[in-house]
Structures are given as structure tokens and as C-alpha cells.
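I have placed the structure first, in the form of C-alpha cells, so that the comments after it can refer back to it.
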Amino acid sequence: PTHRATVSVALRDRAGRPVDGATVHVEGFAIARSATVVGAALAPRGDGTYAATLPVATPGRWELRFRAQRGSDRFTADARVVAVAAPST
């Protein structure tokens, strides 16, 4: 079964101020199954925060790659996270 995971990021400029008005995208893959890549555009939530929901087929270690752009400014970052299956109810 495929689960869903919310991914959110907070963009800040060098002075620590929130960056609104950016286009933000994330791609991710389970490290054990790197051939399957999922991605999404992150929607603005205000105060420099952006979020999206990704399908997560397998819990475990994931690598996420973020790209953000506002005008001519661009930023990229990678993160490794652990996706945990939610308990059954």
C-alpha cells in the first residue's frame, strides 16, 4: 500500500527573513529503491513556508532534493530523512 507523507520547508534569506513568492519543488526516493522517484511542487503556506504531500510506498531512509527559485535567485539542497509507517488504527 502507498502512504502519504507531508514535506515542508521554510525558506529564509541570508538575513534570516522569510522568502515568499518562490517556486519550490521536491523529488525524493527511497534509498533502497532509488529507481522509483516521486516529486511534487510545494505550495506556499505563508511566512516563507512551503509544503506538499508525497506518496511513500516504503518506510525507511529517503533522500529528498529541493529546488527553489524566485526571480533570478536559485537554491538547491539535499536532505536524508526517515519515513516511518503510521500505526494502524
Quick check: closest heavy atoms across F29 and T36, and the distance to 0.1 Å? CB-O, 3.4 Å
With a cut-off of 3.5 Å and sequence neighbours excluded, list every side-chain donor-acceptor pair involving residues 60-67.
residue	atom	partner	partner atom	Å
W62	NE1	T58	O	3.0
E63	OE1	R80	NE	3.2
E63	OE1	R80	NH2	3.2
E63	OE2	R65	NE	3.2
E63	OE2	R65	NH2	3.2

For the CG atom of L42 and the CG atom of L54, what is their distance to the nearest 0.5 Å? 7.5 Å
Counterpart residues, side-chain hydrogen bond (donor to acceptor under 3.5 Å, both in side chains), relative to R14 (two or more places apart): none
Sequence-distant partners of D20, salt bridge (charged side-chain N to carboxylate O under 4.0 Å, His left out), two or more places apart: none
Show every salt bridge (Lys or Arg N to Asp or Glu O under 4.0 Å) that has at least one partner inside residues 35-46, sequence neighbours left out. none
The side-chain contact (heavy atoms from CB on, under 4.5 Å) partners of R12 (sequence neighbours excluded) come to A10, P18, D47
Across all chains, not counting sequence neighbours, the side-chain contact (heavy atoms from CB on, under 4.5 Å) partners of A5 are V56
Looking at residues at least two apart in the chain, or sitting in another chain, which of them share a side-chain contact (heavy atoms from CB on, under 4.5 Å) with P55? T2, R4, V38
Check side-chain contact (heavy atoms from CB on, under 4.5 Å) between A32 and all other residues, then give those that pass, not counting sequence neighbours. none
Spell out, yes or no, whether L11 and V81 are grouped together once hydrophobic residues are joined by side-chain heavy atoms under 4.5 Å, including indirect joins. yes
How many angstroms lie between atom OG1 of T76 and atom NE2 of H25, to the nearest 0.5 angstrom? 14.0 Å
Quick one: does any side-chain atom of Y50 pair with a main-chain N or O of A68 as donor and acceptor, under 3.5 Å? no
